Amino acid sequence: MEVSLLIARSLEQTIDQIIRDNQELQKLLGNSFDPIIRAADPKFGDFQINGILPLAKQLGLNPRALAMTLLEAIESSQQIHKHYLTFEIAGPGFINIRLNKSLLSEWIRIHHSENVFKNETKHWFKTQKTVIDFPSANTAKQAHIGHLRPMVIGEAIARMLEFCGTKLIRDNHIGDWGTNFGTLIMVLKRNKIDISKFEDPEKALIQIDRLYKEGSHLEKMDPSLRDTSRNELLLLQKGDPTNIQLWQSIVQISNQAFDHLFEQLGVRTDYTLGESFYRDKVDRIYQELSELGIAEESEGALVVWHDEVKKFSRDNKQPFPFNIRKKDGASNYASTDLATVLYRLEHFDAESVIYLTDSRQQDHFQQLFLTTNKWFSQKGYSVPELKHVWWGTILGSDNKPFKTKSGETIKLQALIDEAVERAYSVVSQKNPNLEEEEKQKIAHAVGIGALKYADLSSNRTQDYVFDWDRMLSFEGNTAPYLLYVIARINSIFKKANRQEQSIHTDTSFSIETEYEQTLARKFIQFPIALEQALSDLRPHFLCTYLFELAGTFNSFYNHEKVIHEDMEIQTRRIILCHRTQLILELGLTILGIDTVEHM
RNA sequence: GGGGGCGUAGCUCAGUUGGAUAGAGCAACGGUUUUCUAAACCGUAGGUCACAGGUUCGAGCCCUGUCGCCCCUGCCA
């Protein structure tokens with residue numbers, strides 16, 4: 001068998017092959033047997049075969065006897081080298097597998113750089129072409145705390161997919177064609193404000209925010225202004241040059257302000273195709289869906305019923321159709337989302353589309369996917385795999401959506417600034433001797449890293465409680481705890497005068513002590529964690545793993561001296577330090593978190 | 001009414017097709033430093049997995065019911 005990155009999979013394949021080569025065994029187990037090798041509790045082994053138990057139940061056999069039969073076949077096979085692996089039947093019929101020191105050492109020797117990892121992971125997704133729809137920024141409004149999760153989770157998922165070989169297109173589907181532009185244009189004209197004179201896009205956006213509030217207030221005071229606003233919107237939609245120009249300026253200011261946030265949070269986008277981009281592409285949607293009989297008129301609107309799903313059925317007590325064109329003839333986000341999915345198929349050849357939004361839009365996407373599937377398959381278009389990745393709310397300590405003390409929405413920039421400030425005060429306190437410039441650099445990485453990591457480390461479908469002190473703590477499952485391990489390892493390297501070459505060991509070595517082995521066994525679980533995070537696009541699996549790795553390292557560090565008079569011991573421990581750092585840095589990079597050399 | 005999510009230690013959270021004695025971190029208590037960053041480590045204590053049934057060799061996980069919290073539910077996105 002192959003000493004691959006994902007050694008559990010190559011083990012699985014080998015065992016599969018052994019079964020296929022053994023007619024008696026195959027007859028006994030049937031074609032459906034799946035060894036399903038997975039990470040075991042360290043006290044039992046590195047991996048575990050659990051598939052025997054359900055199969056024995058199904059066949060009415062004694063599970064231990066069945067396990068024994070399989071084990072005998074495995075052990076007599078030439079494909080498994082006995083000095084590499086130890087098998088053991090335990091409990092009701094589990095098969096525990098432990099990698100022996102030589103295999104463990106060999107795995108570590110081979111996997112010495114990010115490129116080695118990447119060369120294997122890049123095949124996982126077979127260059128599937130995927131469009132990821134995030135972070136779907138809005139326009140003419142400052143970003144607030146609600147924009148944190150799409151940026152953070154979206155970027156992490158995008159990087160995970162890219163690392164594993166997906167050909168990814170990041171499409172920022174902005175909301176740039178809303179009714180609020182009527183009000184804004186009305187106010188701009190009324191106050192004779194030339195927004196092209198604004199230089200700083202962030203300040204300009206604050207100004208626009210304020211103007212919109214002023215506009216809404218004015219409309220309340222003088223309802224005739226509502227007609228003015230409506231008329232401005234109509235002019236805009238008809239392509240009036242003045243209004244188009246005003247609209248473009250506002251969108252540009254918004255995008256520049258968002259770009260600045262993206263830069264701070266390490267978010268990358270490839271395209272920014274907003275709702276306005278699809279405004280001339282919705283008629284085809286109405287036409288195709290009507291012709292196919294998928295869409296029909298209802299209460300003046302154009303809707304799609306999905307009678308096969310109870311809650312979307314027209315027989316439901318409270319009917320809930322997919323409304324794709326409003327009764328006034330205007331498009332809505334169902335129309336533009338349908339136009340968008342078609343565009344992604346025709347222009348990006350998307351084989352898969354991933355949408356990132358909060359949990360409240362689940363019904364919308366369910367309807368969108370049902371509609372797209374019917375529409376595309378009836379038209380003979382290829383149907384991409386559609387996924388909705390959603391998340392819960394960020395809560396305050398009162399278990400209600402996180403707000404400022406006065407009950408207002410927290411601006412995203414304010415959140416970032418506070419994270420960096422708090423990190424700065426922690427860094428200054430812990431290490432006052434650092435140069436000012438260095439402190440700020442570290443504060444930036446630690447603050448933003450902590451903010452992002454807090455968002456990624458809990459299961460995304462769950463709400464989570466926001467807590468500054470907890471996320472910036474150096475204890476527990478936090479970014480600072482992980483970053484600190486990287487810094488410590490650098491410190492060891494510095495002390496050891498490590499030469500770059502010494503870690504690329506061509507010669508073999510053998511890990512020995514209990515703490516060395518525990519750490520080494522943790523390394524081989526990395527690809528499993530990555531695979532698990534990818535399988536359901538949940539980055540927290542990777543976070544949990546990195547936290548455990550960091551803890552395992554800290555335990556090793558506290559029990560074993562790395563810098564040692566015996567050079568053989570020092571060399572292998574330096575290698576263990578290096579691999580720890582490699583996996584931590586790689587894992588954090590995949591999550592979108594920057595690391596620092598020292599703290 | 002319908003739908004989605006959730007309920008696990010005092011608090012914040014994990015728990016991978018059902019699998020071995022339900023795990024972390026914080027807080028509490030006790031220990032470890034002439035030693036590579038103690039921003040760390042080691043240990044103690046802490047549980048009726050909301051409740052009640054069911055399925056089975058085995059349930060935090062699956063099924064049924066009940067209670068409680070959050071969110072969505074026709075033209076905002």
Side-chain angles (χ1 to χ4, degrees), chain A residues 34 36 38-41 43-44 48 50-51 53-54 56-57 63 90-94 96 136 138 175 178-180 275 298-303 309-312 316-328 330 332-334 336-337 357-364 366 390 392-393 395 397 399-401 426-427 429-431 457-459 461-465 467 469-470 473-478 480-481 483-485 487-496 528-529 531-532 535-536 540-541 543-544 547-548 551 554-564 573 577 598-599:
Chain A
D34 183 354
I36 319 172
R38 54 183 195 184
D41 185 323
K43 63 180 175 250
F44 299 125
Q48 185 169 84
N50 284 347
L53 284 136
K57 182 179 183 175
F94 305 109
N96 293 326
S136 312
N138 55 10
T179 47
N180 53 335
E275 285 156 7
S298 169
E299 295 177 21
L302 190 63
V303 305
V309 178
K310 198 183 161 200
K311 67 177 164 175
F312 302 137
N316 214 26
K317 271 185 191 167
Q318 275 168 302
F320 185 24
F322 193 42
N323 189 342
I324 65 167
R325 187 180 64 200
K326 298 196 262 186
K327 65 180 169 196
D328 63 4
N332 60 10
Y333 85 131
T336 49
D337 272 357
T357 78
D358 68 38
S359 64
R360 293 172 299 189
Q361 295 187 40
Q362 289 176 86
D363 286 340
H364 169 74
Q366 216 179 326
W390 54 271
T393 311
L395 305 175
S397 54
N399 275 329
K400 289 184 179 148
V426 176
V427 168
Q429 189 195 332
K430 302 284 189 191
N431 204 344
S457 58
S458 68
N459 196 338
T461 50
Q462 213 136 337
D463 296 348
Y464 77 92
V465 177
D467 182 336
D469 291 335
R470 204 172 63 237
S473 166
F474 290 78
E475 297 163 42
N477 190 6
T478 67
Y481 181 79
L483 293 172
Y484 178 57
V485 170
R488 268 180 144 180
I489 292 172
N490 278 327
S491 191
I492 296 171
F493 288 165
K494 201 170 158 192
K495 198 120 186 172
I528 294 182
E531 205 188 33
Q532 208 180 346
S535 69
D536 203 22
H540 80 282
F541 286 116
C543 296
T544 304
F547 172 55
E548 285 169 3
N554 276 333
S555 180
F556 160 80
Y557 175 94
N558 271 275
H559 288 94
E560 310 273 35
K561 205 86 186 90
V562 176
I563 294 166
H564 205 278
R573 290 188 182 164
C577 287
H598 51 93
M599 288 171 77

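As the structure is a prediction and not an experimental result, all values here were calculated from the model. Quick note on labels: first sequence line is chain A, next is B, and so on, each numbered from 1.
Contact between T478(A) and S473(A) at its shortest, heavy atoms only, is OG1-O, 2.7 Å. The two residues A90(A) and N96(A) have their closest heavy-atom pair at CB-ND2, 3.4 Å. Of all the heavy atoms in R573(A) and K561(A), the pair that sits closest is NH1-O, 2.7 Å. Taking each heavy atom of S359(A) and Q362(A) in turn, the nearest pair found is O-NE2, 2.9 Å. Closest non-hydrogen pair, A330(A) versus R325(A), comes out as O-CG, 3.6 Å.
Rounded to whole Å, the C1' atom of C62(B) lies 14 Å from the corresponding atom of G19(B). Spacing between G30(B) and A50(B) at atom C1', rounded to whole Å, works out to 34 Å. Straight-line distance between the P atoms of G5(B) and G47(B): roughly 31 Å, to the nearest whole Å. Nucleotides U37(B) and C49(B), compared at atom P, are 46 Å apart to the nearest Å. Rounded to whole Å, the C1' atom of G68(B) lies 34 Å from the corresponding atom of C29(B). Comparing C61(B) with A22(B), their C1' atoms sit 12 Å apart, to the nearest whole Å. A59(B) and U12(B) have their C1' atoms separated by 26 Å, with the value rounded to a whole Å. Across G60(B) and U48(B), the matching C1' atoms stand 13 Å from one another, rounded to whole Å.
Atom CZ of F474(A) and atom P of A39(B) are 9 Å apart (whole Å). Atom P of nucleotide U73(B) and atom CZ of F322(A) are separated by 14 Å, given to the nearest angstrom. Between the P atom of G19(B) and the NZ atom of K43(A) lies a distance of 15 Å, rounded to the nearest Å. At whole-Å resolution of the value, CG in D363(A) and P in G5(B) are 11 Å apart. In this structure, D463(A) atom CG and U12(B) atom P are separated by 12 Å, rounded to whole Å. One can place CG of L53(A) at 14 Å from P of A59(B), the figure rounded to the nearest angstrom. Taking atom OH of Y333(A) as the reference point, atom P of C76(B) lies 11 Å away to the nearest angstrom. Summarising the geometry, the separation between CD on E548(A) and C1' on U16(B) is reported as 12 Å, rounded to the nearest angstrom.
The side-chain ring of Y484(A) is not stacked on the base of A40(B), judged by centre separation under 5.5 angstrom and plane angle under 30 degrees. By the stacking rule of 5.5 Å between ring centres and under 30° between planes, F44(A) stacks on the base of A20(B).
Using a 4.0 Å heavy-atom distance criterion, Q462(A) is classed as a sugar-phosphate-only contact. Looking at heavy-atom distances under 4.0 Å, N459(A) makes contact with sugar-phosphate atoms alone, never a base. Using a 4.0 Å heavy-atom criterion, one finds that V485(A) contacts no nucleic acid atom at all. When heavy atoms are screened at a 4.0 angstrom cut-off, K430(A) is found touching base atoms of the nucleic acid. At the heavy-atom level, P480(A) lies nowhere under 4.0 Å from the strands shown. Using a 4.0 Å heavy-atom cutoff across all strands shown, N316(A) reaches no nucleic acid atom at all. Within 4.0 Å (heavy atoms only), Q361(A) reaches at least one base atom of the nucleic acid. Contact annotation for R360(A): backbone-only contact, meaning every heavy-atom pair under 4.0 Å involves sugar-phosphate atoms and none involves a base. When heavy atoms are screened at a 4.0 angstrom cut-off, A90(A) is found touching base atoms of the nucleic acid. Counting any heavy atom pair closer than 4.0 Å across all strands shown, T336(A) reaches no nucleic acid atom. Among the heavy atoms of the strands, none lies under 4.0 Å from Q429(A).
The phosphate of G25(B) has neither OP1 nor OP2 within less than 4.0 Å of any side-chain N or O from N477(A). Proximity of S555(A) to the phosphate of C42(B): a side-chain N or O atom is located under 4.0 Å from OP1 or OP2. OP1 or OP2 of U17(B) sits under 4.0 Å from a side-chain N or O of R38(A). For Y481(A) and A24(B), the shortest distance from a side-chain N or O to OP1 or OP2 is not below 4.0 Å.
Looking at heavy atoms from C-beta onward, D358(A) lies out of side-chain contact with T393(A) at the 4.5 angstrom threshold. Contact annotation: the side chain of M599(A) approaches that of F474(A) to within less than 4.5 Å [non-hydrogen atoms, C-beta and beyond]. H598(A) places none of its side-chain heavy atoms less than 4.5 Å from the side chain of K494(A). Contact check for Y481(A) versus F547(A): side-chain heavy atoms found under the 4.5 Å cut-off. Counting only heavy atoms from C-beta outward, the side chains of F556(A) and V562(A) approach each other to under 4.5 Å. Here the side chains of P92(A) and F94(A) are in contact, with some heavy-atom distance below 4.5 Å.
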Task: Bracket string, RNA chain B, 5' to 3' - pairs by Watson-Crick or G-U geometry under 3.5 Å, | interstrand - done: (((((((..((((.....[...)))).(((((.......))))).....(((((..]....))))))))))))....
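In terms of position on RNA chain B, the residue among N554(A) and T179(A) whose nearest nucleotide sits closer to the 5' end is N554(A). The residue among P319(A) and W390(A) whose nearest nucleotide of RNA chain B is located toward the 5' end is W390(A).
Considering only the side chain of Q318(A), G1(B) comes nearest among C41(B), G1(B), G2(B). For V465(A), taking side-chain heavy atoms from C-beta onward, the closest of the listed nucleotides G74(B), A20(B), C13(B) is C13(B). Among the nucleotides G2(B), C13(B), A20(B), the one closest to any side-chain atom of K311(A) is G2(B).
Taking only distance into account, the side chain of T544(A) never meets the base of G15(B) through a donor-acceptor pair shorter than 3.5 Å. Within 3.5 Å, a donor on the side chain of N96(A) pairs with an acceptor on the base of A20(B), or the reverse. Between the side chain of Q362(A) and the base of G4(B) there is no donor-acceptor pair of N/O atoms closer than 3.5 Å.
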Task: B/S/- contact track for nucleotides 27-36 of chain B, protein heavy atom under 4.0 Å - done: S-------SB
- [ ] Report the C-alpha separation of D363(A) and K311(A) in whole Å, then their side-chain angles, then the decisive distance to 0.1 Å, and conclude whether the side-chain contact (heavy atoms from CB on, under 4.5 Å) test is met.
- [x] CA-CA 9 Å; D363(A) 286 340; K311(A) 67 177 164 175; 2.9 Å; yes
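Looking at H364(A) and D337(A), their side chains do bring a donor and an acceptor atom within 3.5 Å of each other.
Between atom CG of residue L395(A) and atom CD of residue Q462(A) there is a gap of 10.0 Å, rounded to the nearest 0.5 Å.
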